[in-house]
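I have placed the structure first, in the form of structure tokens, so that the comments after it can refer back to it.
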Amino acid sequence: MSDFVFSKAGKVKGTEHVAGPAKHRSPMSARPLSYVPNSRLRRRIQSVAPARRFSTEHELPSTEAPSFAFAFDIDGVLLHVSKPIPGATETLRFLQEHNIPFILLTNGGGRHESERVADLSKKLDVPLTTSNFVQSHTPFQELVDELADKTILVTGANADKCRAIAHAYGFKNVVTPADIMAAEPRVWPFEPLMEEVYARTSKPLPCLIHSGPEAVIDAKTIQGKPPLKIDAMFVFNDPRDWALDIQIIVDLILSQQGYLGTYSPKNGDLSLPGCGWQGDGQPPLYFSNADLFWSTGYHLPRFGQGAFQAAVAGVWRRVTGGHELHRRVFGKPSSETYAFAERVLQRHRHELLKEIAGRHGPGRLGRVYMVGDNPESDIAGANDYRSEVGTEWESVLVKTGVWTPQRAGGEAVLKGRLKPGAVVGDVREAVRWALEREGLDGRL
Ligand code: G3P
Ligand code: MG
């Protein structure tokens, strides 16, 4: 697959050679990672007779683990629509063969991690596992401890599927907009376009919805039962039914403490901080990614979940006379997601390298190369992120997705936090660039 010579002194089938220009090198069979940085090799070379050639086994520590790793975006880097981008499969296989750790870090979602990974493995023809896979809503799992027994609202492209993912994460009580619509069709008083979907996917609500005439709850029971209270709202991926979803989300942000069908008396109170908006125990709103655009089969980038978020925030500004919507946004470029991804990568790296690294372990992860196609998400996220353990994140922009020199602002936007460490043609070139930067000349 690759004739990349991983070390400066790779041993090839019993022969020895020092790396020179690529054309003089021979293929190296897959073997445990073994490399030294250029400077060390130079020192070794200087310490012996100049003409001497080196045996990898003698001169290079076969137990040394790489101190760097990769994080790959998926759409626009590894896949375009559903097809592998040329070089993607070879690149991942190459890294696997050489025990160089990587994670897949995508703003995609809507399917459970195990389902998505199985599909990716098939499409890319590379064995993959969930241990090095983070999608947009994967970090929602960290909120399970706090919310497992509460009631959450979820929405997404297929809200019922998002409910199943949420259950698999450990959230026990999960409500979708379709459940609410089925229980109280007056919540969205138009002829529903997706009536059949609601009917097919809705489940009975765990409690009744508070209904007038008072918009405020005094006693927290309706006919002796507690009314429906939503404790958090999660947008798992790109919703289809924006109108219904925006209505229900805004209803809940206006509610008293998350009781659907109520209206907080604090809303718009000028004497309160923030005029009382979102100041009455309303459920927090979580989005799983901020991408305004993403790369699809259409020749121009298409709206992503960020467009839905902008719509909710825009409606909220109109409702409140200009107030900003408080929400939390996971996914790239959020630092929460990069921190989460780094923890996943550390665990994965440890597992991958513990055997070849021996009893001292794989050592510190010094650098992660984030390879992405979207300056606003992949590049800005890596540039903004400050690792608590001092791992450096370097960004590499490819031209196979959302951004090209002619599109998405071209070269002119690559400034400040959007400026990548390198702009390269595709994922294979990105890895080559990174390997060279690590002092590992050769080709992939
Ligand atoms: O925002 C849409 C999503 O599919 C983008 O995925 O892999 O480019 O982060 P990715
Ligand atoms: Mg992408």
Side-chain angles (χ1 to χ4, degrees), residues 70-85 87-88 91-92 102-113 115-117 119-121 123-124 126 128 130 132-139 155-158 161-162 165 235-240 242 286-298 300-311 329-334 336-338 340-341 344 369-382 385 393 395-404 407-409 413 418 420 423-427 430:
F70 290 89
F72 295 111
D73 174 80
I74 295 179
D75 290 312
V77 171
L78 300 177
L79 292 181
H80 180 60
V81 195
S82 283
K83 297 225 163 30
I85 286 174
T91 301
L92 295 186
F102 65 85
I103 54 164
L104 307 183
L105 178 55
T106 176
N107 270 355
R111 281 184 286 173
H112 190 264
E113 283 71 11
E115 187 185 338
R116 184 86 205 276
V117 161
D119 182 54
L120 275 173
S121 288
K123 284 184 176 138
L124 288 163
V126 174
L128 297 167
T130 54
N132 55 341
F133 180 70
V134 174
Q135 54 184 349
S136 65
H137 46 72
T138 311
T155 189
N158 178 338
K161 204 157 182 181
C162 297
I165 301 167
V235 181
F236 268 66
N237 66 333
D238 309 29
R240 298 293 187 269
W242 287 24
Y286 299 100
F287 292 91
S288 74
N289 97 49
D291 292 352
L292 187 59
F293 293 111
W294 66 299
S295 169
T296 74
Y298 193 59
L300 297 173
R302 300 289 81 194
F303 284 150
Q305 195 193 128
F308 174 73
Q309 187 195 148
V329 186
F330 285 85
K332 298 170 290 184
S334 81
E336 276 109 328
T337 282
Y338 279 81
F340 182 87
V344 171
Y369 293 93
M370 173 77 229
V371 182
D373 69 312
N374 188 335
E376 301 270 355
S377 89
D378 308 313
I379 305 307
Y385 177 57
W393 282 66
S395 57
V396 189
L397 180 65
V398 296
K399 299 178 188 170
T400 47
V402 164
W403 183 91
T404 68
R407 209 169 55 202
V413 300
L418 305 191
V423 181
V424 297
D426 59 21
V427 63

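We number each residue from 1, following the sequence as shown. Computation of the quantities below employed the complete heavy-atom set of this structure, encompassing side-chain atoms and omitting hydrogens, waters and symmetry-equivalent molecules. In listed order, ligands and their atoms are each counted from 1.
- Among the atoms of G304, none of the N or O lies under 3.5 angstrom from an N or O of ligand 1.
- Summary: OD2 is the N/O/S atom of D73 found nearest to the Mg ion (ligand 2).
- Given atom 8 (O) of ligand 1, the protein heavy atom at minimum distance is D73 OD1, 2.8 Å.
- Residue contacts with ligand 1, taken as heavy atom pairs separated by less than 4.0 Å, involve N289 solely via side-chain atoms from C-beta onward.
- The closest side-chain heavy-atom distance from I165 to F236 is below 4.5 Å.
- Looking at D373 and the Mg ion (ligand 2) together, the shortest N, O or S contact belongs to OD1.
- Here's the thing with K332: one of its N/O atoms is less than 3.5 angstrom from an N/O atom of ligand 1.
- In this structure, atom 1 (O) of ligand 1 lies nearest to the protein heavy atom D291 OD2, 2.8 Å.
- Taking the six-membered ring for Trp, F293 and F303 have ring centres closer than 6.0 Å.
- Looking at heavy atoms from C-beta onward, Y338 lies out of side-chain contact with V134 at the 4.5 angstrom threshold.
- No side-chain heavy atom of E376 sits under 4.5 Å from any side-chain heavy atom of P333.
- Atoms of ligand 1 lying under 4.0 Å from at least one heavy atom of I74, given by number and element, are 7 (O).
- Of the protein's non-hydrogen atoms, the one nearest atom 7 (O) of ligand 1 is T106 OG1, 2.6 Å.
- For the pair V424/V396, a side-chain contact is recorded, criterion being any heavy-atom separation below 4.5 Å from C-beta on.
- Of all non-hydrogen atoms in T138 and E113, the two that sit nearest each other are OG1-OE2, 2.7 Å.
- Here the heavy atom of the protein found nearest to atom 4 (O) of ligand 1 is D75 OD2, 2.7 Å.
- Contact annotation: the side chain of F133 approaches that of L104 to within less than 4.5 Å [non-hydrogen atoms, C-beta and beyond].
- The Mg ion (ligand 2) has an N, O or S atom of D75 under 2.8 Å away, backbone or side chain.
- Inter-residue side-chain proximity for T106 and R116 is flagged as met; some heavy-atom pair is nearer than 4.5 Å.
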